[in-house]
Amino acid sequence: DPYQNVFCGIKILGSYIEKYEDLSYALMAYNMGEYGARKAWESGVKFTSYSESILELMSEYEQEVKENATSSTNE
C-alpha cells in the first residue's frame with residue numbers, strides 16, 4: 001500500500017529529526033540505517049550525496065512555495 005509506505009517513511013524520518021535535531025543526520029540515518037550513519041559520523045562524514053540532494057531539493061521547493069505565496073498576495 002503506497003499510502004501506508006509514505007506514512008511509515010514520514011514517521012521514521014520524523015523520529016530521526018527529533019532524535020538528531022539535524023536534517024542531514026536524520027536523512028543519513030534514514031538512508032543508511034542508524035548503525036551505518038553512526039559509523040560514517042565516527043569517520044568524520046557529516047553528509048552524503050543523498051542528504052545533500054534531498055536538502056537541495058527541499059531548499060528549491062521552499063523557495064518556490066515562498067515565491068508563489070508572494071505572487072498570490074500581490075494579486
Side-chain angles (χ1 to χ4, degrees):
D1 178 4
Y3 298 104
Q4 186 177 15
N5 190 16
V6 169
F7 178 78
C8 290
I10 290 169
K11 293 292 276 184
I12 293 167
L13 188 53
S15 71
Y16 289 149
I17 291 169
E18 277 187 35
K19 183 174 184 176
Y20 298 113
E21 299 179 353
D22 180 283
L23 292 177
S24 185
Y25 278 30
L27 287 165
M28 287 177 68
Y30 181 79
N31 183 247
M32 304 170 72
E34 286 189 276
Y35 178 80
R38 200 172 307 113
K39 287 294 186 186
W41 301 328
E42 290 170 1
S43 298
V45 176
K46 304 296 181 194
F47 56 88
T48 62
S49 60
Y50 171 80
S51 62
E52 280 189 318
S53 69
I54 297 299
L55 291 172
E56 185 177 320
L57 287 170
M58 187 176 93
S59 178
E60 291 171 12
Y61 175 75
E62 287 174 339
Q63 183 63 34
E64 188 173 317
V65 168
K66 185 177 181 181
E67 289 171 3
N68 287 335
T70 302
S71 67
S72 66
T73 58
N74 292 332
E75 293 178 0

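Nothing fancy with the numbering, it's 1 onward along the sequence.
- Under the salt bridge (charged side-chain N to carboxylate O under 4.0 Å, His left out) criterion, K39 pairs with E42, sequence neighbours left out.
- In this structure, N5 has no side-chain contact (heavy atoms from CB on, under 4.5 Å) partners at least two apart in sequence or on a different chain.
- In the hydrophobic clustering of this structure, I54 groups with W41; members are Ile, Leu, Val, Met, Phe, Trp, Tyr whose side-chain heavy atoms approach within less than 4.5 Å, directly or through other members.
- The environment of Q63 atom CD is dense: over 12 non-hydrogen atoms of other residues, nucleotides or ligands sit within 6.0 angstrom.
- With sequence neighbours excluded, no residue forms a side-chain hydrogen bond (donor to acceptor under 3.5 Å, both in side chains) with E21.
- Listed by chain and residue number, M58 satisfy the side-chain contact (heavy atoms from CB on, under 4.5 Å) test with E62 (two or more places apart in sequence, or in another chain).
- Going from atom CG of L57 over to atom CD of E52 covers 12.0 Å, rounded to the nearest 0.5 Å.
- Other residues, nucleotides and ligands place more than 12 heavy atoms under 6.0 Å from the OH atom of Y50.
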Would you be so kind as to tabulate the donor-acceptor pairs closer than 3.5 Å made by side chains of residues 24-33, with sequence neighbours excluded?
residue: S24; atom: OG; partner: K46; partner atom: O; Å: 3.1
residue: S24; atom: OG; partner: S51; partner atom: OG; Å: 3.4
residue: Y25; atom: OH; partner: K46; partner atom: NZ; Å: 3.3

From CA spacing to verdict: side-chain contact (heavy atoms from CB on, under 4.5 Å), C8, Q4: CA-CA 6 Å; C8 290; Q4 186 177 15; 4.2 Å; yes

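- The side-chain hydrogen bond (donor to acceptor under 3.5 Å, both in side chains) test applied to E34 returns K19, Y20, not counting sequence neighbours.
- Residues V45 and L23 fall within the same hydrophobic cluster, defined by Ile, Leu, Val, Met, Phe, Trp and Tyr side chains chained together at heavy-atom separations under 4.5 Å.
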